[in-house]
Trainee: 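One structure is given below, represented as structure tokens, and several questions about it will come after.
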2 protein chains.
Amino acid sequence: MQISEVAQKFGLTPDTLRYYEREGLIGPIAKGENGIRNYTESDLQRIQFVKCMRAAGLEISFLKKYIQLFDKGDETIKERREILVEQRKILKKKLDDMQEAYDRLNMKIDLYDKNILDKSLM
Amino acid sequence: MQISEVAQKFGLTPDTLRYYEREGLIGPIAKGENGIRNYTESDLQRIQFVKCMRAAGLEISFLKKYIQLFDKGDETIKERREILVEQRKILKKKLDDMQEAYDRLNMKIDLYDKNILDKSLM
DNA sequence: ATATCACTTAGAGTTAACTTTAAGTCAATA
DNA sequence: TATTGACTTAAAGTTAACTCTAAGTGATAT
């Protein structure tokens, strides 16, 4: 599969896919005679993983590290688990923060709907 | 209350508080004879609102707009409600994305714990 | 054959949200 | 009285994550 089709599929741009590859998050993607990238099924799986984690705000630097460890093999399992746990903790905190803001927005909109607006409070 | 105490209270830096004020998210904060900011209770309430929304990733530009409308008075109620609803939608999408990544991390860590690791999958 | 189109590269530019710097004021302490 | 520490300003610098530019290649449509 060529880059623009992959980009389309995941809602990314070709630039972003090349950028992820440069950063070592995916690939290196095999290229044909013409020098054009040809994404395999396993490339797509990694992109899907990266996309999911990036959408949740996990940093490129973490993903890079994790993927490097992954590619190193079984002796990195313990370290991989540790950084996953660390990221999960960070993510949990963010989820809680966002849930709080979400609840607050909901309450606020509710007050707007019921026309009970406290002029002093945001 | 002085800037560093406020910063402390909210886990922000004085720099960030001055930055928020410059951007019109809070204040302008009243200053004493010496030119030093003195935060009132109502300033603190706004900071708390801004902090909550920023922690959830809402953009400065949105907060600025909302606060401007708020300060304009009742004729902006409808518009305010609309942008709150818009932000809620954006936030919901992010929450869902993050929940997905969180679940995935959990599953992954679980597999690490049970020593069932598929070498082909991240 | 010429134009269009998707791809390639290296490297420069952009954006949001801070964060730091430099230069200065003022009150309290050694 | 000199220094320390908290504050002030305007403006420049930083960081992450893209995003764009310029220059080029190669296959296909007119």
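Below, each value reflects all heavy atoms present in this structure, side chains not excepted, and no hydrogens, waters or symmetry copies. The chains referred to below are lettered A, B, ... by the order of the sequence lines, with proteins before strands, and numbering in each begins at 1. Being a predicted model, the structure only gives us computed values, none of them experimental.
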Trainee: With a 4.0 Å cut-off on heavy atoms, is N34(B) in touch with a base, just the backbone sugar-phosphate, or nothing at all?
Mentor: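 Result for N34(B) = nothing.
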Trainee: How long is the line joining CZ of R18(B) and P of dT20(C), in whole Å?
Mentor: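 It is 12 Å, rounded to the nearest whole Å.
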Trainee: Does a side-chain N or O from Y19(B) land closer than 4.0 Å to OP1 or OP2 of dT20(C), or not?
Mentor: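 It does not, given that no N or O in the side chain of Y19(B) lies less than 4.0 Å from OP1 or OP2 of dT20(C).
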Trainee: Q2(B) near the nucleic acid: base, sugar-phosphate alone, or nothing, with a heavy-atom cut-off under 4.0 Å?
Mentor: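 Here Q2(B) touches the backbone only, sparing every base.
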Trainee: Pick one: which of L44(B), V50(B), L17(B) meets side chain to side chain contact (heavy atoms under 4.5 Å, CB included) with F10(B)?
Mentor: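 So the option named by the test is L44(B).
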Trainee: I36(B) CD1 to dG24(C) P: how many Å, rounded?
Mentor: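 It works out to 18 Å between those atoms.
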Trainee: Just one of R37(B), K64(B), K31(B) clears the salt bridge (charged side-chain N to carboxylate O under 4.0 Å, His left out) bar with E21(B), so which one?
Mentor: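 Exactly one option meets the salt bridge (charged side-chain N to carboxylate O under 4.0 Å, His left out) with E21(B), and it is R37(B).
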Trainee: Expressed in angstrom and rounded to an integer, what is the separation of L17(A) atom CG from dT9(C) atom P?
Mentor: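 After rounding, the reported distance stands at 13 Å.
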Trainee: For the pair made of CG in L12(B) and P in dA17(C), what is the distance, rounded to whole Å?
Mentor: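 Rounded to the whole Å, the gap is 14 Å.
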Trainee: Tell me the interatomic distance from R22(A), atom CZ, to dA12(C), atom C1', rounded to whole angstroms.
Mentor: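 The answer, rounded to whole Å, is 11 Å.
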Trainee: If you walk 5' to 3' along DNA chain D, what is the first nucleotide with an atom under 4.0 Å of a heavy atom in chain A, and what is the last?
Mentor: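 First-to-last contact on DNA chain D, by the 4.0 Å heavy-atom rule, is dA17(D) to dC20(D).
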Trainee: Taking the side chain as everything from C-beta on, heavy atoms only, tell me whether K93(A) gets closer than 4.5 Å to D96(A).
Mentor: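 Side chain of K93(A) against side chain of D96(A), heavy atoms only: no contact under 4.5 Å found.
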Trainee: Is Q45(A) atom CD crowded by more than 12 heavy atoms from other residues, nucleotides or ligands, each under 6.0 Å away?
Mentor: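 More than 12 heavy atoms, drawn from other residues, nucleotides or ligands, come within 6.0 Å of this atom.
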Trainee: Nearest whole Å is fine: how far is dT9(C) P from I29(A) CD1?
Mentor: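 I29(A) atom CD1 is separated from dT9(C) atom P by 11 Å.
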Trainee: Is it true that a side-chain atom of R54(B) and a backbone atom of L58(B) form a donor plus acceptor pair closer than 3.5 Å?
Mentor: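 Checked: pair present.
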Trainee: Applying side-chain hydrogen bond (donor to acceptor under 3.5 Å, both in side chains), run through Y112(B) and R80(A) and close with a yes or a no.
Mentor: CA-CA 9 Å; Y112(B) 273 81; R80(A) 269 187 268 161; 2.9 Å; yes
Trainee: Please determine whether the number of non-hydrogen atoms from other residues, nucleotides or ligands lying under 6.0 Å from atom NZ of K108(B) exceeds 12.
Mentor: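 Yes.
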Trainee: Send over the distance from E59(B) CD to dC18(C) C1', rounded to a whole Å.
Mentor: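 In whole Å, dC18(C) C1' lies 14 Å from E59(B) CD.
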Trainee: So which one's nearest nucleotide on DNA chain D is more toward 5', S61(A) or K31(B)?
Mentor: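 The residue closer to the strand's 5' end, by nearest nucleotide, is K31(B).
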